[in-house]
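Below: one structure, written as structure tokens.
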Amino acid sequence: QEFIDRLKEKVAALKEARSQGNSEAMRQLAHWLKGAGGTAGFPMFTAPAKSLEQLARENRLNETDQCIEVIDRIQERIGMPVMTDAVLVNS
């Protein structure tokens, strides 16, 4: 749950860093996502975050948009299950 709570703000910060051309912030955010996503049980973030981290490290910002788009799409599909009237549903 903690990962999911932080994910939206981190993805927003990633998009902001991209719009500002801040490759170091992008690299740090991608590194966080790569590690935290895997640790929290969301390994689908590992490959795009790893690619994004490398591109940002090399200051190849024009090539980062596809990675950010993939990360954003994954993030949009994640929903936490919640209990409602003793029935498990996806929020």
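Below, each value reflects all heavy atoms present in this structure, side chains not excepted, and no hydrogens, waters or symmetry copies. Everything numeric in this text was worked out from a predicted model, so none of it was measured.
Between the CZ atom in R77 and the CG atom in D72 there is a gap of 10.5 Å [rounded to 0.5 Å]. Rounded to the nearest 0.5 angstrom, Q28 CD and R57 CZ are separated by 11.0 Å. Taken to the nearest 0.5 Å, the NZ atom of K8 stands 8.5 Å off from the CD atom of E76. To the nearest 0.5 angstrom, L33 atom CG is 6.5 Å from L7 atom CG. Atoms NZ and NZ, on K15 and K10 in that order, are 15.5 Å from each other to the nearest 0.5 Å. Expressed to the nearest 0.5 Å, how far SG of C67 lies from CZ of R18 amounts to 11.0 Å.
In this structure, the side chains of F42 and I4 come closer than 4.5 Å at one or more pairs of heavy atoms. Looking at heavy atoms from C-beta onward, I78 lies in side-chain contact with F45 at the 4.5 angstrom threshold. Proximity of I68 to V11: side-chain heavy atoms (C-beta onward) are nowhere separated by under 4.5 Å.
Proximity of a side-chain donor or acceptor of T64 to a complementary backbone N or O of L61 within less than 3.5 Å is detected. T46 contributes a side-chain N or O that, together with a main-chain N or O of P43, makes up a donor-acceptor pair within less than 3.5 Å.
Other residues, nucleotides and ligands contribute at most 12 non-hydrogen atoms within 6.0 Å of the CD atom of Q66. The neighbour count for Q20 CD, taken as heavy atoms of other residues, nucleotides or ligands under 6.0 Å away, is above 12.
Looking at E53 and K50, no side-chain N of the basic residue comes within less than 4.0 Å of a carboxylate O on the acidic one, giving no salt bridge. Looking at R27 and E24, a side-chain N of the basic residue comes within less than 4.0 Å of a carboxylate O on the acidic one, giving a salt bridge.
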Can you list the steps and then say if R73 with E69 is a salt bridge (charged side-chain N to carboxylate O under 4.0 Å, His left out)?
CA-CA 6 Å; R73 283 196 315 249; E69 184 178 322; 2.8 Å; yes

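Pairing each heavy atom of D5 with each of E9, the nearest pair is O-OE1, 4.1 Å. Nearest heavy-atom pair across M26 and L52 is CE-CD1, 3.8 Å.
Taking the six-membered ring where the residue is Trp, F3 and W32 present parallel rings, their angle staying beneath 30° rather than reaching 60°.
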